[in-house]
Each structure stands twice: as C-alpha cells, then as structure tokens.
Amino acid sequence: MLFRPNGIFLGDNHVILYGAEVWSSSDRGFTFRQIFSLQGEVVTDVLRCNYNGMLVLLTDQGSIYLMKTGLERFARLNETLNSKTFLLFDHMGILMAVELDSTKPSSLRYRIISVNKLIQEHDIAFKRSIALQYYTSEYVLLHEFVPAQDVAGTFLFYPHHVGKIFSLSEGGKVVITRVFQRNNLQGFTACATGDILEPVRAPSKTAEPLQGNNLHYYAGKDEATVLLVPRVPVTGSQAPPAHRFFKRHVGMTVVSPGSTSFFIIQVTQNGSVWGQATEPTLMNRGSWELPTGSWLLFNTVMGSWTLREGHCRHKLQSLDNLRPNALVRINVRETRTFTFKAFMSDYSLSLTRNKKFMKVVLTNPNAMRVTARHYWDKANNHMLTLTVYSHICKKAMTTVIVFIPEASMLCSSTSFSFTLQNSCPEGLSIVYLPSQPISDYEWIHGDPEDNMENERLFDLPVNYRPPSQLGVLIPTSDNIYNADPSQPRPREHYPVSKTTGRYKQCAGKASVAECGCTNALRVSPLAINSDCRKRVLRMMYPLINFNITLFLRRANHQDQPLRSLYFVTVTEVNNRTSWAVTGTLITPTMEKMRKYLKRSLNQPLYNPEGLQISCYGSELFHFRISVIPGVVLCDLVEEVQIYVDNPPLAFPAAYLISCMTAIALGGFMLLGFLLKNVSPPTTSTVKAFLTRENSKVSPESEPEPDIED
C-alpha cells in the first residue's frame, strides 16, 4: 500500500516523513528507510530537542514515540496524553507535559516525563519464535522463523532493532549489532547478529532430562531438514519415554556451539523431532551423532523472549573539541582532519579486539572527498579519523553524522553531527607585507626610517586628491584622502575637479571630529576608507620594479605566501596610467588560465609570485590587487598605497643653493681661464675685424698662380 505522509519534519541533517508510518532519511531526502508503522493511529506532530538530539513523535491517540539523531530506531513511551496536553523540552533537554490546571483558573500544570524509565519498559518483541545459534563464545545469531501458514517472505526483524537487548526468560542477554534479510533458506526470512552481554542459559537437565542423551540426526527430504532422535549414551538404544521430545518442544532450538542449530518444527509419535537447520553448510551429510554435553535445548518460542532498550554502555568523543551541530567552512583545495573516539563505559562484556563501533553517514557525498580511517589505540578503543578535502570550486555543503549504531537510546553522547561547507573560510584575506614591516602604532604615531635614514611614511595634505591624466593640478578622482570637511579642498581650479571628489566616511559631517575615524580605519588601505587615510608608504622617484609580496591570512593560521593558482589582476583605483607591471613569474598553468579566461576576464592576468610594479609618475598611486574568480570562493582583494616622492621637490632650499653655487663657481673658473690665456685686443685689430666683413675681392685682382713648365 502506498504511504502518504501527513507531514514532513526537516532537521539539520535528516528528513522525517510521518503519518501512519514513519520514514527517515539521513542524506537530506535522497533515500528513505522505514522506521515503524502504526495500526489505528497516525503521527500528527514532531518535537525536536537541540540539546540532546532527541525527537518526540505524538500520535492522534496520545501515544508518544521517541527517536534520536543518527539512530534509525525508536521506542514507545509507556505514557498516554489527552488532547488538552502538549509537550515541550526545557533548556536542559527534559521532556515535560503541559496542561491546564483544573484547580486553578488561568494557570498551567507541568509534569516531567521520565524518558529513561519509560524507554526501558517498552518491549517490542514480535510474536514469532527465534532459532538461537552459537557462533562463538561471545557472538550469536538469532534466526527469525516464519511459520508455513504465515505470509511468505515477510519478516519482523528490522534495522531499528539494532542496539536492542534480546533477553531470554531462562536467563541471558544479547545486544543486537546487525540485522539482515535471508532469502536462501526456507523458513528463515531474517537474521540478527548479537554480542553476548550475559551468558545465555538453557534449561537444566532436571527441567529437560532429554539433554542427558546423545542426539542422532538423519538427513531429511531436503538439505536443511533433519530427523533428530535421542538415544541413551551407553547402550545407544532409543531413549526412554521421559527423555524424549514432546509437543511443547516445538519452537525450541537444539544448539550445538560452533555448528549449526536445529529449529524444532514437528514431533513424531516415537519422540523424535523434525528440525530445520539454521546453517546447512555446517551440517554433515547422511547421519551424525551429537554426544551428550555437546548440545543444549534452548527455549526461544514465542513469548519466552523480550526485546527492550538496554542501559548505556557506549560513549562517543570528539578529540578536536568540535561542537555538536557546528558549521565548518573549508576553502578550495584545503584539507581538514577530524578525529573521534568511541569506547565502552561498561567493560563487563569481554569483546573481541578491533571491533568497529562507529559509522559515518554523509548527506551529500559529492560535495567533498571524505576518507575514513579506522584504528584502535592501546586500550582497544575504536578511533576514527576523517580526512576532508575540498576538490570542487563551487559552493556545496554536506552534513557528517558519526554515530554508534548499537548504542542505547539512553546514552547522551553516542552521535555527533556537524556540517562541512565548501565556501570562503571565516577571516580569510590577502595582505601586503613590506620587506620591513611597519606596526600599526608606527602607522599612526611613529616615524619609521629605512637603512638610509629616509622616512618611510608620507603625511598626505588635507583633502588630498592624486593627479590625473590631465595634469598634477587637475585631479579627477572621486577618492579624497585625509578628509576634513571644515577645510578647503585644494587643486579645484577647473570644473572637472570641482564636480568630482566625494566624501565617504565624512559625508554630511561638518568637521573631521565628526567623521568617526578609528585607528583601524586610519591604517586601512581600502579606497572606501580613504577619508580616514592620512599616512601612506613613501618611495623615492623613480620607482622601478617595486616588489609586491602578498600573503594569505586566516585566523588561527600562519600567513602563507600567495602563490599560483591564486592568479591576480592589478588596477589603479584613481585611473592613473603612468605605471606598469614589470615583473611576474610565468608558468605553463598561468598561460592556460590566460587563454581560458581571455573572454570572461578583460584584464591582464598575473602570477602573485614575483609581482613587480614600476611607477613613472609622482605622488600617490593606489593599486587594487584582486584574486581572479574561479580559483577561490572568496572575494580576495588587497589595496596598496604608494606615494612616489620626487627628490628635487623634497629639499627645494638645498637644491637651489647647490645650483647657485655651481653656476657661480663655473663663471669664476671661465673668467680666470680667459684672463690667463687670451691677450687683450688692440684698436687697430678691432677696426680691421670690423672692415673685413665689408671688403670684397674681385677675380681680376687675384694673383695668378705660378705655372711650372
């Protein structure tokens, strides 16, 4: 019959569909598994407690069912509520029933519901017989037998039985660790494996005297059916009537530890029985004899066993101090590890070594690569290390659920869930660090110098704006540095300068005191904080091949040099053009990225390794360096402000004195040379020089050359 849910409950890491049935999904709705079904009632509401991960399901008949995060099983509380009562959890995870107080008008009455006590009272044993098989001294198999008159193929052992305690009336407890279906053997449709908590006991020989006989079995009409005949150990003759099988033995199990068990299905007239082998492959063909003492008769008929929730025996611990339901952001190509430890708080059970307790479920396995490594410490505690690698450059999310399937619902710490988000990690940024670091105090109050005793910082004038392509005296940038609304704005001689330039932090303020500039804003290189920026890095003209060294910074991590594949673009914020990127490391990967992003990226692509910039102009250059999209899920941007100081303008008085001195010395030296090496001209010499220019010589007056014979 098709299940139609009455409602849906969305948790942090699972989905619950409820109605006449309850289905659960631990992978955000991709797959569902049935938890339980109801007869004559439907679930109408779901209540969740964030403190302990508990889910309470309330039906229209007032029944209360309980589930826990990570555990695909349930328990019914032995409590029934009326229609005027509703449930709530307090801040400590205590379940309370709230109803109107009939004795006091307009008042409420609170009643605490003892969840732990009511859970242990809930018996979910079904009405079928179980065939018990000893696999080892610590490990048993519980085979569910389906009578022939029952519907073929049905089974009542479900995965939500994992963790329940199977108890026999004769004594003994087994915790179910796994449930699986069987379709290869007639009569047995499902099987549960379990660890022995308390030794499982068979009836004494006084209660069942036939256990003192040898037991012969003969192959029947098929490979799984055998005839069991009790015989006297000494003579080998047929056992006396008091030591034979009776009809009350139907449904019991003949158990031979380490071998197959036989489920009794029919008693013959002579006191023998027909049995169904639980593991025919472990049975000898033909006939065989089980000596007395090598087999026991266990009473596992319907009604002789119970299935309840046991006390807490497990504990789960995160060794990374990870909070439950935490959100962990992981960057692209980043690897993170998480370690968990599972151990038993009750060591009364001697378990086999290297037993896996923990199980991992991912709600979105394609979001990241998650590798699980199981190992055990010296105390035989189960350890689990999850290695997570973000390999896809897109936003994705998956919830990781680590839990102990066989843990009791009474445990408070047997499941742990957290969410991994492939996104920009909190606090991730890129920063420019000079070769000689400058502290925040020096940026605001100090006067640091380089090894040549040159000042490394420059104080910008009030309301300063850098030059433009039109000239030094014609600024066109909208960014104003060292803003003070009460002071005039210099260099506003042309309309284009008057219509540009806008305050940001100081917009609408009357003075710099009202701008609210903090120390963090004063040292910020971002253009949005230019109003508060007074001091910038100072370099001497000409600035050639200036190294821009960028680092990747993250909270609680060491700074890492920015390398490829974090390719960057470089722009000048104030649209200045007298600069160029003159150095960068060229790699084959970078060339491929350039070709790939040629259409979508309209700016040159640079490798942050070996990045160098040359400035051919003077005054302030404001560079913005951005990591290209596609290699990281963050908007990583850093801005660098450099004031190129011109040496002739740095010391005008000294420069003028030196020029005047050089001219004077040169003049005196030239005059001395002329006085020493050149004789003064006479009056006749001057007259001859002046009249020479006007005199002309005719060809006839020229003397004829002598011609030699």
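- In this structure a side-chain-to-backbone donor-acceptor pair under 3.5 Å is missing from Thr59 to Val42.
- Here Phe416 and Phe403 keep their ring centres 6.0 angstrom or further from each other.
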task = Go through the steps for Glu208 and Arg248 under the test salt bridge (Lys or Arg N to Asp or Glu O under 4.0 Å), then give the verdict.
result = CA-CA 11 Å; Glu208 294 291 349; Arg248 61 182 176 85; 2.7 Å; yes
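- Ring to ring, Phe126 and Phe157 are close: their centroids are under 6.0 angstrom apart.
- A donor-acceptor pair under 3.5 Å is formed between the side chain of His122 and the backbone N or O of Arg76.
- Of the N and O atoms on the side chains of Glu99 and Thr85, at least one donor lies less than 3.5 Å from an acceptor on the other residue.
- Using a 3.5 Å distance cut-off with no hydrogens or angles, the side chains of Thr306 and Asp123 do not pair a donor with an acceptor.
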task = Give the intermediate values and the outcome of side chain to side chain donor-acceptor pair (under 3.5 Å) for residues Thr44 and Asp60.
result = CA-CA 6 Å; Thr44 58; Asp60 57 349; over 6 Å; no
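- Residues Val273 and Met252 are not in side-chain contact: their nearest non-hydrogen atoms beyond the backbone lie 4.5 Å or more apart.
- Residues Asn364 and Thr398 share a closest heavy-atom pair of N-OG1, 3.1 Å.
- Closest approach of Asn331 and Pro425 over heavy atoms only: CB-CG, 3.3 Å.
- Within 6.0 Å of CG in Leu108 there are more than 12 heavy atoms belonging to other residues, nucleotides or ligands.
- Counting only heavy atoms from C-beta outward, the side chains of Val56 and Ile64 approach each other to under 4.5 Å.
- The main-chain N or O of Arg128 is never found under 3.5 Å from a side-chain atom of Glu144 such that the two would form a donor-acceptor pair.
- His391 NE2 to Met368 CE: the interatomic distance, rounded to the nearest 0.5 Å, is 9.5 Å.
- Tyr139 and Thr177 share no side-chain donor-acceptor pair at under 3.5 Å.
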key: Verdict with reasoning, Val388 to Val400, per side chain to side chain contact (heavy atoms under 4.5 Å, CB included)   = CA-CA 11 Å; Val388 182; Val400 182; 5.9 Å; no
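- A 6.0 Å sphere centred on CZ of Arg333 holds more than 12 heavy atoms belonging to other residues, nucleotides or ligands.
- Tested against Phe86, the residues Asp45, Val98, Leu81 include a single side-chain contact (heavy atoms from CB on, under 4.5 Å) partner, Val98.
- Annotation: side chain of Glu406 is in contact with side chain of Asp195 (closest heavy-atom distance under 4.5 Å).
- Here the SG atom belonging to Cys191 is positioned 7.0 Å from the CG atom belonging to Leu142, to the nearest 0.5 angstrom.
- Shown here for Thr80 and Gln61, the closest heavy-atom pair between the two residues is CG2-O, 3.7 Å.
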inquiry  = Could you go through Thr371 and Tyr389, starting from their C-alpha distance and side-chain angles, then the distance that decides it, and tell me whether this counts as side chain to side chain contact (heavy atoms under 4.5 Å, CB included)?
reply    = CA-CA 9 Å; Thr371 305; Tyr389 176 70; over 6 Å; no
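- To the nearest 0.5 angstrom, Met383 atom CE is 11.5 Å from Trp376 atom CH2.
- Of the possible polar contacts, none joining the His249 side chain to the Lys247 backbone as a donor-acceptor pair under 3.5 Å is found.
- In this structure, a donor-acceptor pair under 3.5 Å is absent between the side chains of Ser169 and Ser304.
- Taking CG of Leu307 as the start and CZ of Phe166 as the end, the distance is 8.0 Å to the nearest 0.5 Å.
- Ring geometry for Phe298 against Tyr134 counts as tilted: the plane angle lies between 30° and 60°, on a 0 to 90° scale.
- Ring centroid separation for the pair His143 and Phe263 does not come in under the 6.0 Å cut-off.
- The two residues Glu198 and Ile196 make their nearest non-hydrogen contact at O-CG2, 3.1 Å.
- Looking only at atom types and distance, the side chain of Arg308 has no donor-acceptor partner in the side chain of Ser167 under 3.5 Å away.
- The structure places CD1 of Ile119 at 6.0 Å from CG of Leu77, a figure rounded to the nearest 0.5 Å.
- At least one side-chain heavy atom of Phe36 sits less than 4.5 Å from a side-chain heavy atom of Leu38.
- Contact check for Gln317 versus Phe343: side-chain heavy atoms found under the 4.5 Å cut-off.
- For the pair Ser37 (side chain) and Ala20 (backbone), a donor-acceptor distance under 3.5 Å is absent.
- A donor-acceptor contact shorter than 3.5 Å links the side chain of Asp90 to the backbone of Met92.
- Using modelled atom types and a 3.5 Å distance limit, the side chains of Thr253 and Thr300 yield a donor-acceptor pair.
- Under the ring pair (Phe, Tyr, Trp, His ring centres under 6.0 Å) criterion, Tyr158 pairs with Phe155, His160, not counting sequence neighbours.
- For Glu309 (side chain) and Met409 (main-chain N/O), a donor-acceptor pair under 3.5 Å exists by modelled atom type.
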task = Before giving the answer on side chain to side chain contact (heavy atoms under 4.5 Å, CB included), spell out for Thr225 and Gln276 the whole-Å C-alpha distance, their side-chain angles and the decisive distance to 0.1 Å.
result = CA-CA 5 Å; Thr225 305; Gln276 188 83 15; 3.6 Å; yes
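- Counting all heavy atoms, side chain and backbone alike, Trp305 lies closest to Ala125 at CZ3-CB, 3.5 Å.
- Counting only heavy atoms from C-beta outward, the side chains of Thr419 and Thr363 never approach each other to under 4.5 Å.
- Distance check, rounded to the nearest 0.5 Å: CD1 of Ile404 to NZ of Lys359 gives 13.0 Å.
- For the pair Glu279 and Thr260, the tightest heavy-atom approach, listed with the atom from each and the gap, is N-OG1, 3.0 Å.
- By the 6.0 Å contact criterion, CG on Asp635 is open, its count of non-hydrogen atoms from other residues, nucleotides or ligands being 12 or less.
- Taking the side chain as every heavy atom from C-beta outward, Gln421 and Leu327 approach each other to under 4.5 Å.
- Ring planes of Phe145 and Phe188: perpendicular class, angle over 60° (limits at 30 and 60°).
- Between the Ser408 side chain and the Gly310 main chain, a donor and an acceptor come within less than 3.5 Å of each other.
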task = Decide side chain to side chain contact (heavy atoms under 4.5 Å, CB included) for Tyr65 and Val22; before the verdict, give the C-alpha distance in whole Å, the side-chain angles of both, and the deciding distance to 0.1 Å.
result = CA-CA 10 Å; Tyr65 292 86; Val22 175; over 6 Å; no
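- A heavy-atom distance below 4.5 Å is found between the side chains of Leu197 and Arg313.
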